[in-house]
Structure formats: C-alpha cells, structure tokens
Amino acid sequence: MEELLEQLIDECKIYTKDGELANYIPELTKADPNMLGVYMISSDGKQYSAGDCMHQFTIQSIAKTILLLQALLDKGIEEISSKVGVEATGKPFDAINVSGQKLASKNLNPMVNMGAILMCTLIDGDTYDEKFERVLALTRELAGNPDIQIDEDVYQSEKKYGSKNRALAYLLKSYGMLEDDVEEVLDCYFKSCSISVTCKDLANIGFVLANRGQMPGRKERVIPVKYTRYVNAILMTCGMYDGSGEFALRVGVPAKSGVGGGIMAAVPTKMGIGIYSPTLDEKGNSVAGIRLLERISNQLYLSIF
Ligand code: GLU
C-alpha cells in the first residue's frame, strides 16, 4: 500500500503548481508550496503514509467539524438544528449568506463561517477561553495526540486580518442571533482555526467519524453514532465549500478541507485519511490534495456512490 501511495504522490506532485497559497491571512503565505503528504488509518487499525505526512500546518476550516461535534456533544441535535441549517449554501466559506432581506438560522450552515462562529457560542464553558480549551481537548482526544497546540503566529495573523469574520459576526449580532461579545467569540473561532496538526492527526479524526465514533484500537465510542451520522452527512454535502458537488463526483466520501491545505476524509466503515498540500484552487480547496484523494478513492474503490 505504501508503494502505491508513494507512486500516487509522485503522479500528483505536479498539481501543486496549479494552485496558490492562501494569502488573506498573511502568515499562510509562508508555507512551502511543493508539499504533498498523506496518512491513512484503515478500520482494522493498519496505518499507511507517504510524502510530507508529518509536516505541521493549521487545521483552519477543518476545525468547523470539531466545533460542530463539541456543540452537539454539549447541546444535542435539537438545539443545534434550531440554530443552524444543513442545506448546502453553494457559496464560499466566508459568504454573507442572507437570502432576500432576512438572515435566518436555517440559511446558516456549520461548515460555513457564520454557522461555525455561531457554534462557538453553543459550546459549554463560562468563558470563551474555557470553550476553546474544550475544543482543543476534543481535537487532541480525537487525533490521539495530547501534544497538539495552536500556531501562535497564524492565530495572531487571523486576528489581525479577520475583518470579514468580524463583519459576519456583527451581522449575526445585529440580527439577535449572537449575544456575546464579538471579539471574545471570534477569539475562540480564530484559535480553533489556528490549531496545528499533521496528516496523521487528521487521519485519526477522520477514523473516528468513519467508524461511528470509535477510536483506532479502542472499543468504547468517544462520539455517539447519532452525532457522527449528523456530521458526516453535512461534510458530504458542504465539507468542500462550494466545490462539494464536484468532490462528491470525483472522490465520493465525506470530507472537510481547510485553507491551510489540509483535507480530512472519513470513509464510512473503512478508513480515516489526512492529506496536506497547501496550494489551493479558487474555492479554497487543496488542488493536489483533491487529485491525490481522487486517485486513492479510485484505486481502493472508496466512493460511497
Ligand atoms: N480561518 C479561516 C477563516 O475563517 C478558515 C477558513 C477556511 O479554512 O476556509 O477565515
């Protein structure tokens, strides 16, 4: 299997040239544009990797998955569904998703910024520092890696250049959908996006989602099945921003991308996959990452369709 992964990485390296590094957060432009790595953990516990799979990068929008999971664990499906919808927005991640004149909960999606910012308010904790600590603890638990930290430079950069996210949060506040202090809420969101991970960490998180809440080599469920189902369904329809439809055709598994260049994929009952390659297409998805995942999916018959 590792030979196959090495070969696919060699074939896909060329596509790293077809994308651009995210530049709206200046710190992200410091990434090495040539990198490409993959880590896979199959449901029988076997692990395979190739390329730059242990390089650290920021989780970015893949944190939306963790924010949603933590909010579900804390508040349950009924309350979360009353605050955000599940329909694909078909819009970019930072879109101001207002249909007509009215901003309504059902038009928000937890995989798009406004919905994800709102998730921060629904996580238990007396302060936003406490809420973030719980998000970080859940990330560490799902990734099976107690050493995960935030990348302080990316966090500061996000905070400094976060005007669009501030606009989105203030819009939520103006509609009475967010009560708390915008800066505090955003601090939890920015820190969550700045969590530093490797492909291996993402593969572990994907594994838990793929295996109905179970961790590799452990029997107990860390996440109840009803929540993994909920999250996987949203990942399938909205996890790759407004590129989710094409991704469903080409790869065909629930996945979430981030502008740091990561992709986390959860192949139901089969495996978790983490991919890294930081150059992005115009929708914010890793170009070489998707190509690699497409080839892996074809070779191993992973598409659920
Ligand atoms: N920190 C990013 C933002 O909200 C995450 C975006 C992404 O990965 O799509 O601006």
Side-chain angles (χ1 to χ4, degrees), residues 1-19 21-22 28 30-63 65-66 139-151 154 194-211 215-217 239-240 247 251 253-267 270-280 285-300 302:
M1 177 72 87
E2 284 194 338
E3 226 170 274
L4 171 69
L5 292 180
E6 298 283 0
Q7 181 201 323
L8 297 180
I9 286 216
D10 282 349
E11 283 172 33
C12 292
K13 263 264 152 120
I14 183 88
Y15 297 114
T16 58
K17 309 257 176 293
D18 291 351
L21 294 170
L28 294 179
K30 296 186 181 162
D32 174 352
N34 302 310
M35 285 200 167
L36 178 59
V38 58
Y39 204 102
M40 282 174 20
I41 307 176
S42 62
S43 296
D44 58 9
K46 295 211 174 83
Q47 312 208 357
Y48 310 97
S49 61
D52 304 301
C53 61
M54 294 314 279
H55 179 76
Q56 292 203 332
F57 53 93
T58 51
I59 193 166
Q60 295 296 337
S61 264
I62 303 167
T65 317
I66 314 280
T139 310
R140 287 174 174 159
E141 182 178 18
L142 298 178
N145 178 1
D147 298 326
I148 288 178
Q149 299 287 354
I150 66 166
D151 180 323
V154 173
S194 309
I195 291 173
S196 183
V197 290
T198 63
C199 293
K200 183 177 183 183
D201 296 327
L202 295 183
N204 269 295
I205 300 170
F207 181 101
V208 179
L209 288 169
N211 288 283
M215 313 250 314
M240 304 297 285
F247 185 83
V251 183
V253 300
K256 183 76 201 88
S257 60
V259 295
I263 305 176
M264 177 214 53
V267 188
K270 291 201 175 124
M271 65 177 73
I273 306 177
I275 294 224
Y276 172 63
S277 180
T279 53
L280 311 176
N285 293 318
S286 169
V287 182
I290 292 187
R291 295 280 182 174
L292 179 59
L293 208 43
E294 184 179 15
R295 280 176 169 69
I296 293 173
S297 175
N298 285 337
Q299 290 277 338
L300 305 179
L302 299 182

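Along the sequence shown, residues are numbered consecutively beginning with 1.
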Please check this pair: side chain of [X] against backbone of [Y], looking for a donor-acceptor N/O pair closer than 3.5 Å.
X	Y	value
S49	Y39	no
S43	K270	yes
N211	V208	no
N145	E141	no
S277	S286	no

Got more than 12 heavy atoms from elsewhere within 6.0 Å of CD1, I14? no
For the student: nearest non-hydrogen atoms of [X] and [Y], plus distance:
X	Y	answer
A31	P278	CB-CB, 4.0 Å
L5	Y48	CD1-CB, 3.8 Å
V253	F247	O-CE2, 3.4 Å
P216	N204	CG-OD1, 3.3 Å
L292	G37	CD2-O, 4.3 Å
S196	I148	O-CG2, 3.7 Å

With a 4.5 Å limit on heavy-atom distance, are the side chains of [X] and [Y] in contact?
X	Y	value
Q149	I195	no
K256	L202	no
H55	Y276	yes
D18	T279	no
Q56	V197	no
V38	I9	yes
R291	C12	yes
D147	R140	no

For Q47 and M40, run side chain to side chain contact (heavy atoms under 4.5 Å, CB included): C-alpha distance rounded to whole Å, both residues' side-chain angles, the deciding distance at 0.1 Å, then the answer. CA-CA 6 Å; Q47 312 208 357; M40 282 174 20; over 6 Å; no
How long is the span from the [atom1] atom in [X] to the [atom2] atom in [Y], to the nearest 0.5 Å?
X	Y	atom1	atom2	result
D201	I59	CG	CD1	8.0 Å
D52	I275	CG	CD1	12.0 Å
T16	N34	OG1	CG	5.0 Å
I290	R295	CD1	CZ	13.0 Å
N285	S257	CG	OG	3.5 Å
F207	I41	CZ	CD1	7.0 Å

Begin from the C-alpha positions of M264 and I273 and carry the test side chain to side chain contact (heavy atoms under 4.5 Å, CB included) through to its verdict. CA-CA 6 Å; M264 177 214 53; I273 306 177; over 6 Å; no
Apply side chain to side chain contact (heavy atoms under 4.5 Å, CB included) to I66 and I205, showing your working. CA-CA 9 Å; I66 314 280; I205 300 170; 4.2 Å; yes
Pair E11, Q7: side-chain N/O donor-acceptor within cut-off below 3.5 Å: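 A pair is found: one side chain offers a donor N or O, the other an acceptor, under 3.5 Å apart.
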Donor + acceptor pair across side chains of T58, D151 (<3.5 Å): no
Working note: I296 + L8, criterion side chain to side chain contact (heavy atoms under 4.5 Å, CB included); need CA distance, chi angles, decisive distance, verdict. CA-CA 8 Å; I296 293 173; L8 297 180; 3.8 Å; yes
